Amino acid sequence: MTELDRNNIPQHVAIIMDGNGRWAKQQGKMRVFGHKNGVAAVREAVSYARKIGVKYLTLYAFSSENWNRPEQEVSALMNLFMQALDFEVKKLHKNDIRLKILGDISRFSAGLQEKIKKAEKLTENNTALTLNIAANYGGRWDIVQAAQQLAEQVLAQQLNVADINEALFQQHLVTKDEPEVDLLIRTSGEQRISNFLLWQTAYAELYFSDVLWPDFNEAEFHQAILSYQQRHRRFGGTE
Ligand code: IPE
Ligand code: IPE
Ligand code: MG
């Protein structure tokens, strides 16, 4: 494997973990089987990100549009999410990883919301890596909820409309205090954003892998970082 340039590790990597259903279908199994097998790939991605020094890893676990799936699949995903919170949080904490859930959690069961809050509280002072799990997340929702917060401040006469700028706006997104996404990876060959981090990926480098999520491993992640390290980011300027 080609060595990574340790001085050019993306600070914030976001991943659209796609292809669980197709992976299961290839094995002649139910879609849920794919989701279950995706959990190991999540573990591997988290540990690799921490190992190479990525500071923020944002994983798209459930979009605001995924409620459109059959009820049985949605509830299986919720159960997996609950289990992961039960089994993985201690390990995350031991590894100095901060866990944050990004999204509208009010639609989740009371039990799940409780687990989320406990896990976030337990890990809030950890600094090796921040792991954001986007759950019931939509990029448009994120922008709208930020606009609502600002509108309320204007109504309460705590803020002037003229003082709303990009820096202030971004402080009301769910990723406040985090750097923008440097590298966005999507697995399974699909090349679209699917309402993920719309604002935060404005200048992200995009990397599409044909691998289905349960097969995504360290070697694949390494390839994505290598590709990132070969890009010339210009941010609208010149070389
Ligand atoms: C991604 O895999 C996981 C979630 C959206 C929760 P999919 O379930 O979308 O798998 P495909 O795209 O149908 O293969
Ligand atoms: C995006 O994948 C959402 C997650 C990975 C959680 P989808 O499989 O839901 O996206 P579309 O429907 O193919 O755009
Ligand atoms: Mg999909």
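Order of listing sets the numbers, starting from 1, for every ligand and every atom in it. Note that the structure is predicted; figures quoted are calculated from it, not measured.
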S.K.: Is it true that the side chains of Q145 and Q149 contain a donor and an acceptor less than 3.5 Å apart?
M.R.: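 Yes, Q149 and Q145 have a side-chain donor paired with an acceptor closer than 3.5 Å.
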
S.K.: Tell me the nearest of N20, N68, N66 to atom 9 (O) of ligand 2, using heavy-atom distances.
M.R.: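 Heavy atom nearest to atom 9 (O) of ligand 2 belongs to N66.
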
S.K.: Is there a donor-acceptor pair under 3.5 Å between the side chain of N37 and the backbone N or O of F33?
M.R.: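 Checking the backbone N and O of F33 against the side chain of N37, a donor-acceptor pair under 3.5 Å is found.
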
S.K.: Out of all atoms in ligand 2, which are within 4.0 Å of some heavy atom of F62? Include the element for each.
M.R.: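 Close to F62: 6 (C).
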
S.K.: Between E124 and K100, is there a salt bridge with N-O shorter than 4.0 Å?
M.R.: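 Looking at E124 together with K100, the answer is no, because their closest N to O distance does not fall below 4.0 Å.
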
S.K.: If you apply the rule side-chain contact (heavy atoms from CB on, under 4.5 Å), what do you find for I143 with F169, and how did you get there?
M.R.: CA-CA 9 Å; I143 291 167; F169 198 94; 3.9 Å; yes

S.K.: Give yes if a backbone or side-chain nitrogen or oxygen of R192 is under 3.5 Å from a nitrogen or oxygen of ligand 2, and no if not.
M.R.: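 Indeed, backbone or side chain, R192 has an N or O that close.
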
S.K.: Considering residues at least two apart in sequence or located in another chain, which fulfil the salt bridge (charged side-chain N to carboxylate O under 4.0 Å, His left out) criterion with K55?
M.R.: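 With neighbours one apart ignored, the set is empty.
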
S.K.: What atoms in ligand 2 come closer than 4.0 Å to a heavy atom of R69?
M.R.: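 Per the distance check, 7 (P), 8 (O), 9 (O).
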
S.K.: Over 60° means perpendicular and under 30° means parallel, so tell me whether H12 and Y56 are parallel, tilted or perpendicular.
M.R.: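 Taking Y56 first and then H12, their aromatic rings sit tilted (interplane angle of 30° to 60°).
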
S.K.: Within the distance-only criterion (no hydrogens, no angle test), does the side chain of Q113 pair as donor or acceptor with the backbone N or O of I105 below 3.5 angstrom?
M.R.: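 Yes; judged by distance alone, with no hydrogens or angles, the pair exists.
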
S.K.: Is it the case that T238 and R234 place a side-chain donor and acceptor less than 3.5 Å from each other?
M.R.: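 Distance-only check fails for T238 and R234.
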
S.K.: Examine the side chains of W23 and D215 and answer whether a donor and an acceptor come within less than 3.5 Å of each other.
M.R.: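 Yes - a donor-acceptor pair under 3.5 Å links their side chains.
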
S.K.: Look at D96 together with R50 and state whether they make a salt bridge at an N to O cut-off of under 4.0 Å.
M.R.: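 Salt bridge: no.
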
S.K.: Tell me, yes or no, whether the heavy-atom count around K91 atom NZ, taken from other residues, nucleotides or ligands under 6.0 Å, exceeds 12.
M.R.: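 Check passes, neighbour count above 12.
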
S.K.: Is S188 in contact with ligand 1, taking contact as a heavy-atom separation below 4.0 Å?
M.R.: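 Judged by the 4.0 Å heavy-atom criterion, S188 does not count as contacting ligand 1.
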
S.K.: Considering only protein heavy atoms, determine whether one is less than 4.0 Å from atom 7 (P) of ligand 2.
M.R.: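 Yes, there is one.
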
S.K.: Looking at K117 and E120, does any basic side-chain N land under 4.0 Å from a carboxylate oxygen?
M.R.: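 The answer is no: the pair does not qualify as a salt bridge.
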
S.K.: Below 2.8 Å of the Mg ion (ligand 3), tally up the protein N/O/S atoms for me.
M.R.: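 The number of such protein atoms is 1.
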
S.K.: Of the side chain and backbone of F196, name the one, both, or neither that has a heavy atom under 4.0 Å from an atom of ligand 2.
M.R.: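 It is neither; nothing of F196 touches ligand 2.
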
S.K.: Pick one of side chain, backbone, both or neither for how M17 approaches ligand 2, counting any non-hydrogen atom pair under 4.0 Å.
M.R.: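 M17 to ligand 2: backbone contact only, side chain stays beyond 4.0 Å.
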
S.K.: Is the Y60 ring parallel, tilted or perpendicular to the Y137 ring (thresholds 30°, 60°)?
M.R.: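 Perpendicular: the ring planes of Y60 and Y137 meet at over 60°.
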
S.K.: N/O to N/O below 3.5 Å, does that happen between D18 and ligand 2?
M.R.: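 It does: an N or O of D18 is found under 3.5 Å from an N or O of ligand 2.
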
S.K.: Would one find an N or O of G21, backbone or side chain, under 3.5 Å from an N or O of ligand 1?
M.R.: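 Between G21 and ligand 1, an N or O pair is found under 3.5 Å apart.
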
S.K.: What are the atoms of ligand 1, with element, lying closer than 4.0 Å to any heavy atom of A61?
M.R.: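 What qualifies from ligand 1 is 6 (C).
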
S.K.: Is it the case that ligand 1 has an N or O less than 3.5 angstrom from some N or O of R22?
M.R.: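 Yes: some nitrogen or oxygen of R22 is under 3.5 Å from one in ligand 1.
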
S.K.: Any atoms of ligand 1 less than 4.0 Å from a non-hydrogen atom of H35? List them with their elements.
M.R.: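 Within the 4.0 Å cut-off of H35, ligand 1 contributes 3 (C), 8 (O).
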
S.K.: What part of K25, side chain, backbone, both or neither, has a heavy atom within less than 4.0 angstrom of ligand 1?
M.R.: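 K25 to ligand 1: no contact under 4.0 Å from either part.
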
S.K.: Counting non-hydrogen protein atoms only, what is the nearest one to atom 2 (O) of ligand 2? Give residue, atom name and distance.
M.R.: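 Going atom by atom, the protein heavy atom closest to atom 2 (O) of ligand 2 ends up being R186 NH2, 3.6 Å.
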
S.K.: Check whether any N or O atom of E190, backbone or side chain, sits under 3.5 Å from an N or O atom of ligand 2, and answer yes or no.
M.R.: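 Looking only at distances, the answer is no, because the N/O contact criterion of under 3.5 Å is not met.
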
S.K.: Pick out which of V46, L129, I116, L85 makes a side-chain contact (heavy atoms from CB on, under 4.5 Å) with L99.
M.R.: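 Exactly one option meets the side-chain contact (heavy atoms from CB on, under 4.5 Å) with L99, and it is L85.
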
